[in-house]
Amino acid sequence: MAAGIDDIAIYIPRLYIDAEDFAKARGLDPVKLQKGLGVSQMALVDSNQDPAILAANACLKIMQKNKLSPEDIGRLYVSTESSFDESKAMNSYVIGMLEQVYGKGAFEHCGGIETKFACVSGSYALYDNTNWIRAGEAEGKYALVVVSDIAKYDKGSSGEMTQGAGSVVMLLNDQPRLLAFDPKVTATSIKDEYDFYRPFGKETPIVHGQYSNMLYMIQVRKALEAYKKKIISTGLVKLEQGETILDHMDYINMHLPYSNMGKKALAYLVRHEWRQLPRWKRVLTEIGMDEPVPKDPRGTIESVLGDEEFMTKDHEFTKLFTKTSEYQEVYESKLASSLIASTMIGNLYTASLYLGFRSSLEFEFQKGIELEGKRVGFGSYGSGSSAMVFSGVIQSGYKEIVRDMNLENELGDRRRLTLEEYEILHENKLTLEDPVLQPKREFVLTNVKTDEESRGERRYVFNE
Ligand code: CAA
C-alpha cells in the first residue's frame with residue numbers, strides 16, 4: 001500500500017531579528033552570518049507563544065485548507081525538542097486548542113504521542129505513521145505529524161546566530177498527492193553522544209558546535225550506507241558501474257540547523273561517495289590538490305578537530321571541491337532550492353528538514369520543472385545522536401498543492417525587532433499580557449498557573 005505526504009503547511013511567528021542588526025550588536029561581521037552560515041533572518045516567538053501554539057496554528061491551517069473535520073483524523077503526533085512538560089505530551093495541548101475550534105471531545109477517537117530525539121524525532125514520527133497507514137490500521141483516516149520548535153541559545157554563545165522558531169505539519173494518507181515514501185528503505189544510525197543536549201529545567205541547550213557539525217555528517221553518512229544497501233536490495237534502484245546512490249536522488253533535503261549546514265553536509269556525502277568512482281580523478285584534477293588525510297585517520301572526532309594542519313587543509317580542499325563544475329551541478333539541481341526558506345526563517349530544529357522540503361517544492365516548481373516521479377532523498381539528524389536516511393517519489397497530484405505555495409505571502413507582515421526588543425524577549429521579560437504583536441486568527445497563551453495544586457497548567461485561547 002502506498003503511503004506518504006498528502007499536504008504540508010507551515011506556521012512561522014511574525015517577529016524576526018535581522019542578521020545584520022544582530023551581527024552589529026555582537027561585534028560580528030554580518031557576512032559571517034549571511035554568507036558563512038546562510039542566515040539572513042531568524043524568526044522569534046512573541047511572549048504569548050510556545051511550541052504547542054506553533055503546532056496548533058499549523059494544524060488548524062492544514063485542516064481548514066483541506067476542509068477536514070476531526071473525524072477524518074486518526075492520529076496526531078507532535079515531535080519537538082522544546083517540550084515544557086516532562087510527562088504531559090505536547091499533542092494533548094494541541095488537541096485542547098483545536099477542540100476550542102471544533103468542539104469539546106471532537107478528537108476523542110484520535111491517538112498520538114509526543115516524540116523526542118533532538119531534530120530527528122519528526123522523521124521517526126513520519127516513519128511510524130506511514131507504517132500505521134501501510135499496515136491498514138488507518139481505516140481511511142489521515143495522520144497529522146507536526147514538527148514544532150523554538151531554537152533558542154544562550155546570549156553571546158556561538159549558537160545564538162542560528163536561532164529560529166516555527167512548525168511544519170504533514171498530512172499523511174494512503175493516496176498522497178505530494179510524496180509517497182519508498183517502502184523498506186528507511187535506514188538509521190544511533191550513538192550515545194553529547195554534541196548538543198538540554199538538561200531538565202534548562203531553557204537553552206549545551207552545545208559543542210564544531211563537534212556537532214562533524215558528528216551530524218558522520219552519522220548521516222552511516223545511515224546513507226545502510227540506505228544504499230536497502231534500496232538496492234528492494235530493487236527500487238539498480239546501480240550501474242561508476243554510479244553513486246546520490247545519482248538516483250533527484251533532490252536531496254538535509255537537516256538545516258542553518259542553511260549552509262545543508263551545503264556542508266551534502267559536500268561531505270558527495271565527496272565520500274565520489275571518492276570510489278572513476279569521476280574522482282577528473283574532480284581532483286579540477287581541484288588541483290590532493291585530498292588531505294588526518295594524522296590519525298582512525299582517531300576520534302576530537303583528535304581530528306584538534307589536528308589543525310589537517311583541518312586547515314581540509315577546509316581549503318572542501319572549498320575548492322564545492323567550486324568544481326561537477327559538484328556545482330549537483331548542488332544547484334538537488335539542494336539549492338531547499339535552503340531558501342531556512343535563510344529567511346532560521347533554525348526550526350525538528351521542522352528544519354521539512355521546511356527545506358517545502359522550500360524545494362515551491363522554488364523548483366517556480367523554475368518550471370516537471371516534478372512528478374522525481375525521487376527525493378532525506379538526510380535527517382538529531383543530536384545525542386541519531387540519523388535517518390529515507391526517500392520518496394513525488395506523486396501526480398503534487399501541482400494541486402505546490403502551485404499555491406508562496407513563502408513570502410505566508411510569512412506575511414513580519415515585524416523586524418530592534419536589538420533591544422530582541423534582548424527583552426530573549427530574557428523573558430515580557431509578560432503574556434504584553435506581547436509585541438496583536439494576534440491575528442491564531443492561538444495564544446493566556447495563563448500558566450503558579451499555585452502549588454495546578455502549577456504549570458496552561459490556558460490558551462483562539463483569537464478571532
Ligand atoms: N565572512 C564570511 N564567512 C565567514 C566569516 C566572514 N567574516 N567568518 C566566518 N565565516 C564562515 C566560516 O568560514 C564558516 O564557513 P565554513 O563552515 O564553510 O568553513 C562559517 O562562516 C561559520 O564560521 P565558524 O565555523 O567559525 O562559526 P562558529 O564556530 O563561530 O559557529 C556553529 C558555527 C558551530 C555552527 C555555531 O553557530 C553553533 O554552535 N551552532 C549551534 C549548533 C549547531 O547548529 N550544530 C549543527 C549540527 S547539530 C544539529 O544539527 C542539531 C541542531 O539542530 C542544533
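Indexing begins at 1, ligand by ligand and atom by atom, following the structure's order. The figures that follow rest on heavy atoms only: side chains count, while hydrogens, waters and symmetry mates do not. Everything numeric here is computed off the predicted structure, so don't read it as measured data.
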Q: Counting only heavy atoms, tell me which of Gly384, Gly209, Ser380, Ser212 gets closest to atom 34 (C) of ligand 1.
A: Gly209

Q: Can you pull the ring-ring contact (aromatic ring centres under 6.0 Å, His included) pairs that have at least one residue in residues 8-28, sequence neighbours excluded?
A: none

Q: Give a yes/no verdict on a cation-pi contact between Arg458 and Phe84, requiring under 6.0 Å between NZ or CZ and the six-membered ring centre and an angle within 45° of the axis.
A: yes

Q: Please confirm whether Tyr124 and Tyr77 have ring centers closer than 6.0 angstrom.
A: no

Q: Determine whether any protein heavy atom is located less than 4.0 Å from atom 32 (C) of ligand 1.
A: no

Q: Using a heavy-atom cut-off of under 4.0 Å, does the side chain or the backbone of Lys35 touch ligand 1, or both, or neither?
A: neither

Q: With heavy-atom distances below 4.0 Å as the criterion, list the atoms of ligand 1 near Phe196.
A: 54 (C)

Q: Say whether Tyr216, considering both its backbone and side-chain N or O atoms, lies within less than 3.5 Å of an N or O atom on ligand 1.
A: no

Q: Are Ser83 and Glu114 linked by a side-chain donor-acceptor pair shorter than 3.5 Å?
A: yes

Q: May I ask which of Pro30, Ala23, Ser158 has a heavy atom nearer to atom 38 (C) of ligand 1 than the others do?
A: Ser158

Q: Are Asp7 and Lys65 close enough for a salt bridge, meaning some N to O gap below 4.0 Å?
A: yes

Q: Are any of the N/O atoms in Ser383 less than 3.5 Å from those in ligand 1?
A: no

